[in-house]
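Single-structure report; data block below.
Nothing here was measured: the structure is a model prediction, and the numbers come from that model. Just so we're on the same page: letters track the sequence lines, and every chain starts at 1.
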Number of protein chains: 2
Amino acid sequence: MTVTLADVAARARVSPATVSRVLNGNYPVAASTRERVLRAVDELDYVLNGPASSLAAATSDLVGILVNDIADPFFGIMAGAAQTEIGGQEGSGRAGGEKLAVVCNTGGSPERELTYLTLLQRQRAAAVILTGGALEDPAHIAAMSAKLTKLADAGTHVVLCGRPPLPGSSAVVASLAFDNRGGGRRLTEHLLALGHRRIGYVAGPAERTTTRHRLEGHRTALAAAGLTDDQGPLTVHGPYDRRSGYKATLELLRRSPDLTAVVAANDTVALGACAAVRDQGLRIPQDISVAGFDDLPFSVDAVPALTTVRLPLHEAGARAGRLAMGTEAPPPGGIATIAAELMARASTAPPRG
Amino acid sequence: MTVTLADVAARARVSPATVSRVLNGNYPVAASTRERVLRAVDELDYVLNGPASSLAAATSDLVGILVNDIADPFFGIMAGAAQTEIGGQEGSGRAGGEKLAVVCNTGGSPERELTYLTLLQRQRAAAVILTGGALEDPAHIAAMSAKLTKLADAGTHVVLCGRPPLPGSSAVVASLAFDNRGGGRRLTEHLLALGHRRIGYVAGPAERTTTRHRLEGHRTALAAAGLTDDQGPLTVHGPYDRRSGYKATLELLRRSPDLTAVVAANDTVALGACAAVRDQGLRIPQDISVAGFDDLPFSVDAVPALTTVRLPLHEAGARAGRLAMGTEAPPPGGIATIAAELMARASTAPPRG
DNA sequence: CTGTTAGCGCCTTCAT
DNA sequence: ATGAAGGCGCTAACAG
């Protein structure tokens, strides 16, 4: 029923091995022979059997990209860039030796993260890219570490993108970590320089690296300005979505009506914060300054334009893709820190009076 | 080196066949035996070899979800919902019979779409979900049709989500099409009812079904109101991104300074349109009304809140996932049209004077 | 440069 | 309910 390599070989009057060689292009074959084989392939409309090929070669062309939330452009941008870098080279129509770059949505669930890793391990994936913040639960870290080590041992390239190095797993090809601390610090410094002293902070989920690092940056800046940490009540945690920003901001405003600025865990959360501020009848930035993080495409279109911290998501994703492919040399020590740039815009201004 | 089924069998003192049977759970096995096998699996930390398994069984647990732009929440929401429906059932840690739901980013390129399909075909994917608008180029339609037929023949379930039925390919399990025409029509009717007569339209790429259907709805409403189609110059095409919305709106304003409203191809484009309107020193909605399409999460937070058309993206994605899994019965005729709901908000109002 | 020969690891009849 | 054995389609040594 289905056409096999042997059929092609017969049609082209060569051995199966030769067909395999021209298809994989990793071995010299006479031009005329290759020609004949390719023609047979087209005539028979042959499609390589991936599983058989992977079994025999003990490797596959699958590359997995894990993201926490596929509906969030933060991840979409990185994943898209990585995927382009991995699968986008040719366009030969007849799908040659391309990798199948594929994104897996964990939804932020540690179980699903592990499950996807197992599934990819089962497929003998060529590489795996883990994007975004990691969970800080010790048990999960240990499980991840073990799993990644096993993957690496099996020859799978493991790359971290926007995620700090995993303690205990040196099996990772490279880790591209965003400078979330530095970005968080500069953002708050900006607010302090403007004259703000009562700054609310809408943080992400408590147990994530990204959340912690951004918050640490914020507190470092505060401390440097001599602001003691009675700031605790000025921080509220919640998921990385607009609703959380809305609710948390309402809560902060209730706790501390003298707030003059709100810093959000990311731009999406900041949007929710803006809505809350407005619904309280307050103006941005005259009454309350609001700032985000990430500089997603929509942030510049917010009204007023959102002050935020730019992360080179596209570049980072592309680089992760190259690292996964082995197209680019890993950074020294396998770790690179990617700079975060303050984008001061109209949503922040000096406080009243 | 790597643990195989045989190793597990030896440890559990059973035959490989028995191990296979407990792992696949599709054949009666004595409880005590199963117990012993499962223990051996855990002790040996065995992971099934996907390629070998797929080769022998002639099927795989891969499910592909194709999207046009992974950085666009429109696709992310659908893909996430589908993926949850497909892979999210258990959480057994040890990854049992789960499918590997995986999203592929075509970037809107027809070649990459075809390439991904071939790659998925090569993997003997269990199902494929195609999301979003399709290209209307005849050659590409023919190629897609042929490819999908081949996939279906090989046992792959093919589901269309947010995409109209493919002419010529009845091999598709089901097609969930959004009522883009109806939505577009109602949106423009809303504007007409408000009193607008000079309405600019920022359309998507010319050769896409989504673009055409939304535009047709728009024109139908116009025609019903007796507005003749000297409207041509009031339509500008461009990609589905904010930049396009910005540029096109500037162009429309230049062509026709008496414009009182701008309808955008989607919410992202609408955001760009809003920015352009503002940069011209005009107010929304007092001077110009602006409307979008899709009702993405950020639209309600725009200032003013964006009038748009809501598409049940999450529900559609989830349903597509179930259809792909065979968990839900296909709609009669394999085609379902999904309603689009007008969300009238603050960005549209009666024109001045 | 090309053909031959063994498996890769698992599933699946067929027996038992 | 379990075991034995063949083969899924391809690749990777080896020859030549």
Side-chain angles (χ1 to χ4, degrees), chain A residues 1-38 40-41 44-62 95-97 121-126 154-155, chain B residues 1-38 40-41 44-62 95-97 119 121-124 126 154-155:
Chain A
M1 178 61 225
T2 91
V3 183
T4 76
L5 225 196
D7 298 328
V8 176
R11 191 122 167 60
R13 310 182 62 77
V14 296
S15 74
T18 300
V19 177
S20 171
R21 295 198 261 251
V22 343
L23 257 26
N24 291 301
N26 49 11
Y27 209 84
V29 172
S32 63
T33 309
R34 145 180 291 108
E35 192 62 25
R36 210 147 24 97
V37 169
L38 255 18
V41 167
L44 263 33
D45 207 20
Y46 170 70
V47 175
L48 188 69
N49 184 315
S53 163
S54 296
L55 173 57
T59 64
S60 95
D61 51 8
L62 236 201
Q121 178 183 11
R122 179 184 290 187
Q123 300 298 330
R124 305 303 190 250
Chain B
M1 177 59 227
T2 92
V3 183
T4 77
L5 226 197
D7 298 329
V8 176
R11 192 123 166 57
R13 310 183 61 77
V14 294
S15 75
T18 300
V19 177
S20 171
R21 295 201 260 251
V22 345
L23 256 27
N24 292 302
N26 50 11
Y27 208 83
V29 173
S32 63
T33 311
R34 146 179 293 106
E35 193 62 24
R36 212 145 26 97
V37 169
L38 255 19
V41 166
L44 261 33
D45 206 20
Y46 169 69
V47 175
L48 188 70
N49 183 316
S53 163
S54 297
L55 173 58
T59 63
S60 97
D61 52 7
L62 236 201
L119 253 17
Q121 178 183 13
R122 181 184 287 186
Q123 300 297 330
R124 304 305 189 250

#### Entry: Option from A:V14, A:V41, A:V29 for which side-chain contact (heavy atoms from CB on, under 4.5 Å) with A:V22 holds
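Only match with A:V22 under side-chain contact (heavy atoms from CB on, under 4.5 Å): A:V29.
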### B:L5: which of B:S15, B:S20, B:S53 passes side-chain contact (heavy atoms from CB on, under 4.5 Å)
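Of the listed residues B:S15, B:S20, B:S53, the side-chain contact (heavy atoms from CB on, under 4.5 Å) partner of B:L5 is B:S20.
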Quick one: label [X] by what it contacts on the DNA or RNA (base, sugar-phosphate, nothing), any heavy atom closer than 4.0 Å.
| X | value |
| --- | --- |
| B:A58 | nothing |
| B:T33 | sugar-phosphate |
| B:L5 | sugar-phosphate |
| B:V19 | nothing |

Tell me, do [X] and [Y] make a side-chain contact under 4.5 Å, heavy atoms counted?
| X | Y | result |
| --- | --- | --- |
| B:V37 | B:R34 | no |
| B:T18 | B:R13 | no |
| A:L62 | B:Q123 | no |

### Query
With respect to the side chain of B:A56, which nucleotide from D:dG9, C:dC10, D:dT11 is positioned closest?
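In terms of side-chain proximity for B:A56, the closest of D:dG9, C:dC10, D:dT11 is C:dC10.
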### Message
Of the options C:dC10, D:dA1, C:dT12, whose atoms approach the side-chain atoms of B:P28 most closely?
### Response
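Within the option list, the nearest is D:dA1.
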Measure [atom1]/[X] against [atom2]/[N] and give the value in whole Å, please.
| X | N | atom1 | atom2 | result |
| --- | --- | --- | --- | --- |
| A:L44 | D:dG9 | CG | C1' | 15 Å |
| B:L23 | C:dC10 | CG | P | 9 Å |
| B:Y27 | D:dT2 | OH | P | 11 Å |
| B:R124 | D:dC8 | CZ | P | 14 Å |
| A:D7 | D:dG9 | CG | P | 9 Å |
| A:L55 | D:dA12 | CG | C1' | 13 Å |
| A:Q123 | C:dG9 | CD | P | 15 Å |
| B:N26 | C:dT13 | CG | C1' | 13 Å |

### Task
Between B:V14 and B:A52, name the one whose nearest nucleotide on DNA chain D is closer to the 5' end.
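Comparing both residues, the 5'-ward one is B:V14.
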### Message
Return whichever of A:R21 or B:R34 has its heavy-atom-nearest nucleotide of DNA chain D closer to the 5' end.
### Response
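Looking at the nearest nucleotide for each, B:R34 comes out on the 5' side.
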Using only side-chain N and O atoms of [X], determine if any of them is under 4.0 Å from OP1 or OP2 of [N].
| X | N | result |
| --- | --- | --- |
| A:S53 | D:dG9 | no |
| B:N49 | C:dC8 | no |
| A:T18 | C:dG3 | yes |
| B:S20 | C:dC11 | yes |

### Query
Nearest nucleotide by nearest heavy atom, which residue falls closer to the 5' end of DNA chain C, B:N24 or A:A17?
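Upstream on the strand: A:A17.
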#### Entry: Non-hydrogen atoms of B:P51 and A:L55 that approach each other most closely
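Looking at all heavy atoms of both residues, the shortest contact is CB-N, 3.8 Å.
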